[in-house]
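Notes follow once the structure below has been shown.
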Amino acid sequence: MPVFSLSPPRRGRFALGAAVAALAVVVPLTVSAQAAVPPTPAGWTLQWSDDFNGAAGQLPSSANWIFDLGHGYPGGPGNWGTGEIAAHTNNPNNVSLDGAGNLRITPRRDAAGNWTSARLETHRGDFKAPAGGILRIEGRVQMPNVTGQAALGYWPAFWALGSPYRGNYWNWPGIGEFDIMENVNGINSVWGVLHCGVNPGGPCNETNGLGASRVCPGASCQSAFHTYRFEWDQSVSPNQLRWYVDGQQFHSVSQNQMPADAWRNMTTHAGYFILLNVAIGGAFPDGVAGHATPTGATVPGHPMVVDYVAVWTSGGAPPTTTTPPPTTTPPTTTPPPGGGNAYGTIQAEAFQQQSGMSVYTAQDTGGGGHLGAIGNGDWALYRGIDFGSGSPATQFVARAASGAAGGVSGLVEVRLDSRTNPPIGSFAIANTGGWQSWRTIPANISGVTGVHDVYVTFASGQPADFVNLNWFTFGK
């Protein structure tokens, strides 16, 4: 699912898709979901999973997933860069567990013709192949069970984006995108696509990407669950990316198919986060249909059903890249007392407690301070931050900079009242041009009211320092 699309829309697979649509015959089947993530295959290690167990109508785990809301990231391209029209929500009517071990993402249309759906992404953004090993991302999914005219505009997807996209939103496709499963318009076919390089054109032929498709084995993609898998293999030379449906490989891209810098840019950062969504309308379904979608014949209410998502690795070793921290000598400071307005500017150095960091002078702020030498596991506490009792805060904005080496990045996270509570929001950051090259970065957060202790925590898949933090604030 491309996150930024320029005219003309992608067309490389459209002729095949239209032909498949004309020939597809859907046989309704009843297929029960698995109860849990399957056993870890021999030689693999489970890194992360969600089997979507829980009560019917419950939202998926906030410890695992972030909801993307509205029509785009703050400061990013409109309509998620794809031309899709549905507003994404965290309403259980659009996204919830079904009580039988599945997640359902259900597009809806109201009486005025407005569409809503849902899009969620993993908190973790560090999924990558270990050096000399293999990454395996897998999900068992039933596409929305709707075909023909009633399916026009449906665009379900299971995919992964490079984590430097978080907080930037304009560096696609260079940071990489792996479309593990895409489908449009109820066609009995799965698309697997790589997006990389530059847009338009480049080594991945953007905005089309490097893709392939095939009919789902046995029962149609719409009428049954199928297992969709992506592998990033650094145990072979040249390295390889592979796509599978029900264990059958149908697409691959090798390292030697593109310039070294394009491959390096999408494989040497902190890693990838995983997304699940059902878009309505946009460049891909419109291009396949040959006209704008959805139409008056499109029928809402057909969910994409996800049994599990899991990530395994095999072999290899964790990266050992290190980067020297900034060399500015930290001054002696005394932390101020707690309390403060969430909607005012909170200086990063105004913590009550912190671990792992130092206070430095920000060179472009007239002698003001900032937190520096920040790496994985570091944190800062700001006590008694007042979010008010009216409409909740829904945005976190921070001024940050990074001089981290290539391949080093991480997450800036916000947690309430305890460092062990799940993050309410986060953004990823990599090199911004230097340790004093400041960038103001927004991120969505879960709605917050009341008075809370705020923890800003930092996570990275590398041991090197990756960010400086000048200030932060919250917005509605």
Side-chain angles (χ1 to χ4, degrees), residues 3 40 43-50 64 66 121-139 158-168 171-180 192-197 204 228-244 252-255 258 260-275 309-323 375-377 402 404-411 413 426-431 458-464 466-467:
V3 296
T40 296
W44 295 82
T45 302
L46 181 65
Q47 300 294 342
W48 181 93
S49 67
D50 197 327
N64 286 343
I66 301 167
E121 60 188 58
T122 56
H123 276 289
R124 285 188 57 175
D126 60 351
F127 299 124
K128 65 184 300 182
I134 308 171
L135 174 75
R136 171 176 176 168
I137 303 174
E138 181 176 295
F158 165 38
W159 51 304
L161 263 175
S163 63
Y165 189 73
R166 284 177 162 164
N168 186 325
N171 53 11
W172 184 90
I175 44 79
E177 176 182 332
F178 309 138
D179 296 332
I180 304 164
V193 186
L194 170 67
H195 294 281
C196 74
C204 279
Y228 302 97
R229 185 169 93 235
F230 168 80
E231 291 183 354
W232 169 4
D233 190 349
Q234 293 200 99
S235 71
V236 297
S237 183
N239 293 178
Q240 192 173 66
L241 309 175
R242 298 185 291 264
W243 285 256
Y244 301 80
S252 67
V253 177
S254 292
Q255 182 179 5
M258 63 185 64
D261 62 338
W263 186 270
R264 183 172 60 251
N265 288 342
M266 72 174 180
T267 59
T268 60
H269 53 64
Y272 285 73
F273 57 97
I274 299 168
L275 301 97
V309 175
V311 180
W312 291 274
T313 57
S314 176
T320 57
T321 304
T322 60
T323 300
N376 182 54
S402 176
V408 177
S409 63
L411 292 177
E413 305 168 317
S426 65
F427 64 81
I429 188 167
N431 192 301
F458 303 88
S460 175
Q462 294 85 20
F466 69 90
V467 67

N/O donor-acceptor pair under 3.5 Å between Q234 side chain and G132 backbone: no

Sub-3.5 Å donor-acceptor pair from the side chain of S163 to the main-chain atoms of G271, do we have one? yes

Within the distance-only criterion (no hydrogens, no angle test), does the side chain of N168 pair as donor or acceptor with the backbone N or O of P164 below 3.5 angstrom? no

Apply side chain to side chain contact (heavy atoms under 4.5 Å, CB included) to the pair E177 and M266, showing each step before the final yes or no. CA-CA 8 Å; E177 176 182 332; M266 72 174 180; over 6 Å; no

Of the non-hydrogen atoms in R124 and F273, which two are nearest, and what is the gap between them? O-CB, 3.3 Å

Steps toward side chain to side chain contact (heavy atoms under 4.5 Å, CB included) verdict (W263, L241): CA-CA 11 Å; W263 186 270; L241 309 175; 3.7 Å; yes

Would you say the side-chain atoms of Q240 pair up with the backbone N or O of D233, donor to acceptor, closer than 3.5 Å? no

Please name the pair of heavy atoms, one in L411 and one in H123, separated by the smallest distance, quoted to 0.1 Å. CD1-O, 3.5 Å

Check the pair E231 / Y244 against side chain to side chain contact (heavy atoms under 4.5 Å, CB included), numbers first and verdict last. CA-CA 8 Å; E231 291 183 354; Y244 301 80; 3.3 Å; yes

Treating N431 as the side-chain partner and A404 as the backbone partner, does any N or O pair qualify as donor plus acceptor under 3.5 Å? yes

Quick one: sort the Y272 and F178 rings into parallel, tilted or perpendicular, breaks at 30° and 60°. parallel

Gap separating the CH2 atom of W159 from the CD1 atom of I137, nearest 0.5 angstrom: 12.5 Å

N/O donor-acceptor pair under 3.5 Å between T122 side chain and I274 backbone: yes

Say whether, by atom type as modelled, one donor and one acceptor occur between the side chain of W243 and the main chain of D179 under 3.5 angstrom. yes

Which atom names give the shortest non-hydrogen contact between V408 and A464, and what distance separates them? CG1-CB, 4.1 Å

Tell me whether H269 contacts the main-chain N or O of I175 through its side chain, where contact means a donor paired with an acceptor under 3.5 Å. yes

I'd like to know if the side chain of S49 and the backbone of V309 have a donor-acceptor N/O pair within less than 3.5 Å. no

Chi angles and distances behind the side chain to side chain contact (heavy atoms under 4.5 Å, CB included) call for M258, C196: CA-CA 10 Å; M258 63 185 64; C196 74; 3.9 Å; yes

Does any non-hydrogen side-chain atom of N171 lie less than 4.5 Å from one of Y165? yes

Indicate, with yes or no, if the rings of F158 and Y228 have centres closer together than 6.0 Å. no

Is there a donor-acceptor pair under 3.5 Å between the side chain of S314 and the backbone N or O of I134? no

In terms of heavy-atom contacts, N64 and D50 come closest through ND2-OD2, 2.9 Å

Give, for atom CH2 of W232 and atom NZ of K128, the distance between the pair rounded to the nearest 0.5 Å. 5.5 Å

With side-chain hydrogen bond (donor to acceptor under 3.5 Å, both in side chains) as the criterion, how do W312 and T40 come out once you've worked through the C-alpha distance, each side chain's angles and the decisive distance to 0.1 Å? CA-CA 8 Å; W312 291 274; T40 296; 3.1 Å; yes

